[in-house]
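Only one structure is covered here, and it is reproduced in the block below.
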Amino acid sequence: MSLKDMQKDVHQWISQFEEGYWHPLSMLARLTEEVGELAREVNHLYGQKPKKEGEPEGNLALELADILFIVGCFANSLNIDLDKAFQEMMEKYRQRDGNRWTRIQPEEK
Ligand SMILES: [Mg+2]
């Protein structure tokens with residue numbers, strides 16, 4: 001699924017409801033909530049905060065997907081094309097950080 005398809009899916013979902021997209025500040029708060037939920041799961045799995053007894057297992061993949069959903073909402077509400085933005089961002093990384101990290105060397109034959 002491309003980011004364009006993801007944004008379409010998000011739009012089909014949201015446009016069923018009269019409330020529609022939230023205002024940017026509400027969306028930012030929602031995104032922050034979801035990042036917090038991801039942080040909670042990461043802390044349970046890899047950090048120092050064990051789950052309480054009987055607390056259900058979380059799902060990191062679904063927490064990341066929750067974040068993607070809100071990012072899709074945010075982008076749609078502001079008419080941002082995430083495919084285009086992602087490509088621009090990757091180009092920035094290639095230009096800026098192309099020599100920053102140690103490249104994996106091809107195996108010698
Ligand atoms: Mg979540």
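Remember, it's 1-based here, ligands and their atoms both numbered in the order they're listed.
Heavy atoms from other residues, nucleotides or ligands lying under 6.0 Å from CG of Asn99 number 12 at most. Within 6.0 Å of CZ in Arg103 there are 12 or fewer heavy atoms belonging to other residues, nucleotides or ligands. Heavy atoms of other residues, nucleotides or ligands lying less than 6.0 angstrom from CG of Leu78 number more than 12.
When distances to the Mg ion (ligand 1) are checked against a cut-off of 2.8 Å, Glu33 contributes no N, O or S atom below that limit.
Of all N/O/S atoms in Glu37, OE1 sits nearest the Mg ion (ligand 1). Its N, O or S atom nearest to the Mg ion (ligand 1) is what matters here, and for Asp66 that atom is OD2. Here the N, O or S atom of Glu63 that is nearest to the Mg ion (ligand 1) is OE1. Looking only at N/O/S atoms, Glu34 comes nearest to the Mg ion (ligand 1) through OE1.
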Evaluate the criterion salt bridge (charged side-chain N to carboxylate O under 4.0 Å, His left out) for residue pair Lys84 and Glu88; output intermediate values, then yes/no. CA-CA 6 Å; Lys84 187 170 174 282; Glu88 287 174 15; 3.1 Å; yes

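Checked for salt-bridge contact, Glu41 and Lys49 miss the test: no charged N lies under 4.0 Å from a carboxylate O.
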